[in-house]
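Source: prediction; values computed, not measured. Worth knowing before you read on, the calculation uses all heavy atoms, side chains too, and leaves out hydrogens, waters and symmetry mates. Here is how names work: the chains are called A, B, and so on, in the same order as the sequence lines, proteins then strands, and each is numbered from 1.
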Amino acid sequence: MREKLCDYYNIIFEKELIEEIIKFGAFKSLKKGDLLIDINQEITDIPLLLNGAIKIVRENAQGEELLLYFLERGDTCAISFNNCIRRKKSLVRGVVEKDCEVIYLPISKLDDWLSKYKTWREFVIDSYNIRLNEMIEAIDTLAFMNMDERLYKYLTDKVQIMRDTTLNTTHFQIAQELNTSRVVVSRLLKKLENQGRIKLSRNKIEVLDF
DNA sequence: ACATTAAGTGATT
DNA sequence: AATCACTTAATGT
């Protein structure tokens with residue numbers, strides 16, 4: 001656990017804080033598809049992401065989804081941070097997109113550390129800022145981009161997150177995350193394939209141009 | 001061989 | 001860009 005934590009966080013956290021995280025944190029491995037947090041669920045823990053990726057999704061009354069953004073190493077959900085301390089319910093759903101290793105931090109410590117460690121304070125503030133920027137980007141995408149642009153952005157973003165140019169997913173799943181219909185996704189993907197930017201097969205999309 | 005699920009497509013709104 | 005209705009293709013049993 002120490003190695004995995006230091007692998008990335010030793011450059012941003014002071015030594016004493018690292019020690020506390022190791023002492024009070026609970027290490028856990030998560031598999032693709034695991035549900036971290038659901039909408040309206042009370043947030044009980046804050047996971048610190050060591051690797052892998054988590055997708056954050058919003059849902060409407062009909063149960064239709066919309067992908068907001070991904071969390072990666074070095075991220076923690078800043079939204080959940082406040083909710084956690086104030087005992088509020090989650091506004092979003094978090095699902096493991098790529099197998100993860102995380103350290104769960106106890107709520108009681110989060111508060112202590114704020115006053116105790118400068119690096120923790122900075123980390124939390126930065127996290128808020130990063131989340132805000134991601135939200136703005138999500139809004140921009142939604143408001144200013146056409147479906148074909150959104151789809152292409154989705155594909156390239158996912159390639160980045162997965163660190164793999166071959167995506168194992170169905171047109172239907174993509175449609176759900178973009179909150180559109182499968183038929184539309186299939187058509188636009190076909191168009192991208194004809195442009196030579198991707199290659200399609202069943203349950204698989206190869207992104208050639210990214 | 002058959003059923004099930006994924007993907008492709010024309011026509012219409 | 002969404003929806004309908006239908007076809008074709010891939011895959012599991």
> Please walk me through it: do A:Y152 and A:D209 pass side-chain contact (heavy atoms from CB on, under 4.5 Å)?
Replying inline: CA-CA 10 Å; A:Y152 190 65; A:D209 167 29; 3.3 Å; yes
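- Spacing between atom CZ of A:R150 and atom P of C:dA2 amounts to 8 Å, rounded to whole angstrom units.
- When each of A:R182 and A:M145 is assigned the nucleotide of DNA chain C with its nearest heavy atom, A:M145 is the one assigned upstream, toward the 5' end.
- Following rounding to the nearest Å, A:K191 (NZ) and B:dT9 (P) show an atom-to-atom distance of 14 Å.
- Nucleic acid contact for A:S181: base, since at least one base atom lies under 4.0 Å from a heavy atom of the residue.
- When rounded to the nearest whole Å, the span between CG of A:N203 and P of B:dT5 equals 13 Å.
- Atom CD in A:Q173 sits about 9 Å away from atom P in B:dA7, given to the nearest Å.
- Residue A:H171 places at least one side-chain N or O closer than 4.0 Å to OP1 or OP2 of B:dG8.
- With B:dA6, C:dA1, B:dT9 as the candidates, the nucleotide lying closest to the side chain of A:M147 is C:dA1.
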>> Evaluate A:K153 against A:E149 for salt bridge (Lys or Arg N to Asp or Glu O under 4.0 Å), listing each step before the verdict.
In response: CA-CA 6 Å; A:K153 181 178 190 303; A:E149 298 172 300; over 6 Å; no
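- Residues A:E177 and A:Y154 form a side-chain contact, since some pair of their non-hydrogen atoms from C-beta on lies under 4.5 Å apart.
- Closest approach to the A:L200 side chain among B:dA6, B:dG8, B:dA11 is made by B:dG8 (side chain taken as heavy atoms from C-beta onward).
- Note: A:W113 and A:Y117 have perpendicular aromatic rings, judged against thresholds of 30 and 60 degrees for the angle between ring planes.
- The shortest distance between the side-chain N/O atoms of A:T180 and the OP1/OP2 oxygens of C:dA2 is below 4.0 Å.
- For the pair A:I174 CD1 and B:dT5 P, the interatomic distance rounds to 19 Å; values are reported in whole Å.
- As rounded to whole Å, 9 Å separates atom P of C:dA2 from atom CG of A:L188.
- For A:R202, the side-chain atoms get nearest to C:dA10 when compared with the rest of B:dG10, C:dA10, C:dA1.
- A:N51 contributes a side-chain N or O that, together with a main-chain N or O of A:E101, makes up a donor-acceptor pair within less than 3.5 Å.
- Computed from coordinates, the A:F172 CZ to C:dA2 C1' distance equals 15 Å when rounded to whole Å.
- At whole-Å resolution of the value, CG in A:N168 and P in C:dT11 are 12 Å apart.
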